[in-house]
Amino acid sequence: MSETTNNTGNDSVNPNRESLDFVRQIVADDCASGKWKGRVATRFPPEPNGYLHIGHAKSIVLNSSIAQEFGGTFNLRFDDTNPVKEEDEYVQSIMGDVKWLGADWQDRLFFGSEYFQQMYDWAVELIKKGKAYVDDLNAEQIREYRGTLTSPGKPSPYRDRTAEENLDLFERMKNGEFANGEKVLRAKIDVESNNLNMRDPVMYRILHAEHHRTGDKWCIYPMYDWAHGLEDSLEGITHSICTLEFENHRPLYDWFLDNLDGVHHPQQIEFARLNLTYTVMSKRKLLQLVTEKHVNGWDDPRMPTISGMRRRGYSPECIRSFCKTVGVAKFNSTVDVALLEHCVRAELNKTSSRYMAVLDPVKVVITNYPEGQVEYLDAVNNPEDPAAGTRQVPFGREIYIERNDFMEDAPKKFFRLSPGREVRLRYAYFVTCQDVVKDDAGNILEIHCTYDPATRGGDSPDGRKVKGTIHWVSVAENVKAQVRSYSHLFAVPDPENVEDGKTFLDNIDKDSLKVIDGVYLEPALGKLEVGTRVQFERLGYYCVDLDSTPEKPVYNLTINLRDTWAKAQKKM
RNA sequence: UGGGGAAUAGUGUAACGGCAGCACUAAUGACUCUGACUCAUUCAGUCUAGGUUCGAAUCCUAGUUCCCCAGCCA
């Protein structure tokens, strides 16, 4: 933290202040005022009941980077207060995802369940103060007594039990004397409050269930509202950052902490969750996509999950830079997925090595090139990063090029191969198309070219220019592979916006996955490790998939390169 | 019909009573051994109506629209 201006006079604005989002502004102000003695402590508190997605990443990056920027600490805490929904499998995947994203909790890994005894003791404190009571009403009755949005609730007949009776009942709840649903512990606040969360909220329910960490030690479990503030308090959190739907819960968060003696009281701050075009983000819908097999698991590269994006080839830096670009505010917005894709391209452009691959091959024979000759040509690995060095690519008399890099009756604006036209084979030679060989049906079998030996490496000594440069792979030396090409899972920007009788599933794009076999790769692409991110020149960014083997490499399309030529063609 | 929030180019986000700015998208051009990258240019905005003020996106009043809340989920 820097020495921040103290508001001594009537000039309350620091003219040198950087533009901060509203959350950082609060943190900065607190640091300036010494509210928390200069301390900043944040946390990411997932419930281990599913996989993390890009929306969670926004929260992870927000919390961890605020801690970092203000010299504070960042905790990872599992909010595991509902044993029937939670599993260790999720704990493991969440830890993996958070770590992968680069959010470092160091030795501060916590579980809400570690605090169950302390929470119980605090509940006893509230009972003794006459601020909590055991209720025998069942769930349906509680709902009826609660009233509605526009009408007040009414007190439970059990609301005025004595502290002694409540203490006894609560202990017996803990000891397992009652069945699920038979009794609950409720806070005694205000059954007529305009805020339904304050109408004597349930603090504990009875759940005879196996907890993934505490086993059968407990059969009463704290509700979110009771547990969450206590967890934050115990960990010394200063800024408890959560999403907008908890705004209505803040009075309750504060009430619990205000009514306990001598506890640390963090500030809850709410921000808008992330929405993205062309996808869905709710846990329920994501789960449905997986269980109904509309996608191939949680880590399907079309999923907005962290694991899906990782498999897709997004790097942690891609996601972090995206989260920072979208900013944080209280406006319920939907970010254009194009912004995510921009961040991915920008990051991958800087970091990924270039290679040549031909997805839709057609054979080219260079008729004046010596038969049987092979030479190895130098290729630059990454023009954005000289340190990436060079490699050698085998060249021969027969090569594959992309089918759409050739056109028989080409318009003037077509800069690629066409009868009579000269182009550059990347890192190799200038070639000129002389002839086209077709089958009886008129399909192109081979393209015959001649090359200019003087242009070896791709430069002509006479200063002659060509307009086009195309990529290629040697017929004699290559690796055959599979490529999985992805587009947005949904065909429309807002998949959840459906007419009556339809669901978001009807908006799935059935062609969002295309498996392409018979792809030719330059040899170096056959030796890369799973997860390696590369650029196929002139095509896009790709990465080695989990299913890849040395015998049969599999590459995922991460994101295509921008293609102004394709765009121009669509308009014609 | 209750309460709590939010509204700034197509999208996201700044501007803290003093020149409405940035990024993405789109379009155009330059450059180019990737029709990529990069660079340049352009299109485009304060929810509405009043008021306060020399001056309002910002303050006030009224309205409009959107989001959240009636789990023993988080």
Side-chain angles (χ1 to χ4, degrees), chain A residues 12-14 17 19-21 25 45-47 49 79 81-82 84-86 135 137-140 142-144 146-153 180-186 193-199 201-207 221 223-225 227-228 242-251 270 272 277 283 325-343 345-346 349-350 354 356 379-380 383-384 413-416 424-428 430 457-459 465-471 493 535-540 560-568:
Chain A
S12 61
V13 176
N14 174 5
R17 173 184 54 79
S19 170
L20 298 176
D21 60 60
Q25 189 62 58
E47 183 187 20
N49 70 343
D79 202 359
T81 57
N82 185 355
V84 302
K85 287 190 164 185
E86 298 152 6
D135 197 345
L137 255 30
N138 64 34
E140 194 184 337
I142 286 182
R143 194 185 329 122
E144 286 166 9
R146 183 156 35 223
T148 69
L149 292 176
T150 51
S151 64
N180 288 359
E182 212 174 309
K183 287 184 167 38
V184 291
L185 183 72
R186 291 229 253 166
S193 172
N194 282 325
N195 182 343
L196 302 227
N197 296 121
M198 301 297 273
R199 318 243 263 228
V202 172
M203 295 166 63
Y204 277 94
R205 75 285 215 190
I206 299 169
L207 247 30
Y221 289 90
M223 296 287 290
Y224 166 85
D225 287 304
H228 203 88
C242 62
T243 43
L244 243 32
E245 67 269 26
F246 291 104
E247 261 177 327
N248 295 330
H249 294 244
R250 187 172 359 111
E270 310 86 9
T277 56
K283 220 170 243 184
T325 341
V326 299
V328 41
K330 299 192 76 149
F331 178 63
N332 232 314
S333 61
T334 300
V335 176
D336 193 335
V337 73
L339 181 58
L340 207 209
E341 294 171 343
H342 162 78
C343 293
R345 287 194 187 99
N349 178 50
K350 287 189 289 186
R354 273 63 168 170
M356 291 196 286
V380 174
E384 307 287 326
K413 285 283 192 184
F414 186 80
F415 300 147
R416 287 109 102 138
R424 175 189 296 109
L425 295 176
R426 186 130 165 100
Y427 301 123
F430 285 11
D459 288 307
K465 298 273 189 219
V466 287
K467 192 69 185 159
T469 300
I470 64 177
H471 61 277
Q535 184 195 99
F536 289 177
E537 291 221 38
R538 301 211 303 133
L539 297 176
N560 58 299
L561 252 29
R562 291 187 58 183
D563 189 349
T564 48
W565 169 243
K567 210 178 279 180

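Proteins get letters first, then strands, A, B, ... in listed order; numbering begins at 1 in each.
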C1' atoms of B:rC54 and B:rU42, separation to the nearest Å:
35 Å
With sequence neighbours left out, the residues meeting side-chain contact (heavy atoms from CB on, under 4.5 Å) with A:F246 are A:Y224, A:C242, A:T243, A:H249, A:Q268
Syn within 90° of 0, anti beyond: B:rG71 is syn
Looking for any heavy atom pair under 4.0 Å, which part of the strands does A:F414 touch: base, sugar-phosphate only, or nothing? base
Heavy-atom nearest pair, A:R354 first then A:V380, reads CB-O, 4.4 Å
A:S193 and A:M198 have their tightest heavy-atom pair at OG-CB, 3.5 Å
Which of B:rG35, B:rC24, B:rU13 is nearest the side chain of A:A329? It is B:rU13
From CZ of A:R416 across to P of B:rU32 the rounded distance in Å is 19 Å
- Message: Please give the distance between the P atoms of B:rA23 and B:rC37 as a whole number of Å.
- Response: 16 Å
Looking only at heavy atoms, the pair that brings A:C343 and A:T325 closest together is SG-OG1, 3.7 Å
Once base and sugar-phosphate atoms are separated, protein heavy atoms under 4.0 Å mark nucleotides 66-74 of chain B, 5' to 3', with B, S and - as -SBBBSBBB
Here the distance between atom P of B:rU38 and atom CD of A:E384, to the nearest Å, is 8 Å
- Considering only atom P, compute the distance from B:rC22 to B:rA14 and round it to an integer number of Å. 16 Å
- Query: Which value, in whole Å, describes the distance between the P atoms of nucleotides B:rA56 and B:rU48?
  - Reply: 15 Å
Exercise for review: For A:V380, report the nucleic acid contact type (base, sugar-phosphate, nothing); a contact means any heavy atom under 4.0 Å.
Suggested key: nothing
A:R354 atom CZ is separated from B:rU34 atom P, nearest whole Å, by 11 Å
Nucleotides 20-23 of chain B: which of its N/O atoms have a protein N/O under 3.5 Å away?
none

A:K413 atom NZ: more than 12 heavy-atom contacts under 6.0 Å: no
Distance check, C1' atoms only: B:rC19 and B:rC24, in whole angstrom units. 25 Å
- Under 4.0 Å: is that the gap between some side-chain N or O of A:R426 and OP1 or OP2 of B:rG35? no
Atom CG of A:L561 and atom P of B:rU38 are separated, to the nearest Å, by 11 Å
Quick check on B:rA27: is either OP1 or OP2 less than 4.0 Å from any side-chain nitrogen or oxygen of A:K567?
yes
Nearest-nucleotide check on RNA chain B, A:L340 vs A:D459; residue mapping nearer the 5' end is A:L340
With sequence neighbours left out, the residues meeting side-chain contact (heavy atoms from CB on, under 4.5 Å) with A:N82 are A:E47, A:V84, A:K85, A:E86, A:R205, A:L207
Whole-Å distance, A:H471 NE2 to B:rG35 C1', equals 13 Å
note: A:R250, atom CZ; B:rG3, atom C1'; distance rounded to Å ~ 13 Å
Minimal heavy-atom distance between A:H471 and A:M356, with the atoms involved, is CB-SD, 3.7 Å
Suppose you measure atom C1' in B:rA9 against the same atom in B:rG71; what distance do you get, rounded to whole Å?
42 Å
Per the 3.5 Å Watson-Crick/G-U criterion and a run length of at least three, the stems involving RNA chain B are B:2-7 with B:64-69, B:10-13 with B:21-24, B:26-30 with B:38-42, B:47-51 with B:59-63
Worksheet item: Using the C1' atom in both, what is the distance from B:rC47 to B:rA57, to the nearest Å?
Response: 12 Å
Heavy-atom nearest pair, A:N560 first then A:R345, reads O-NE, 2.8 Å
To the nearest angstrom, the CG-P distance between A:D21 and B:rA6 comes to 15 Å
Find every protein N or O atom lying less than 3.5 Å from an N or O atom of nucleotides 8-11 of chain B, and list the pairs.
from, atom 1, to, atom 2, distance (Å)
B:rU11, O3', A:T334, O, 3.1
B:rU11, O2', A:T334, O, 3.2
B:rU11, O2', A:D336, N, 3.3

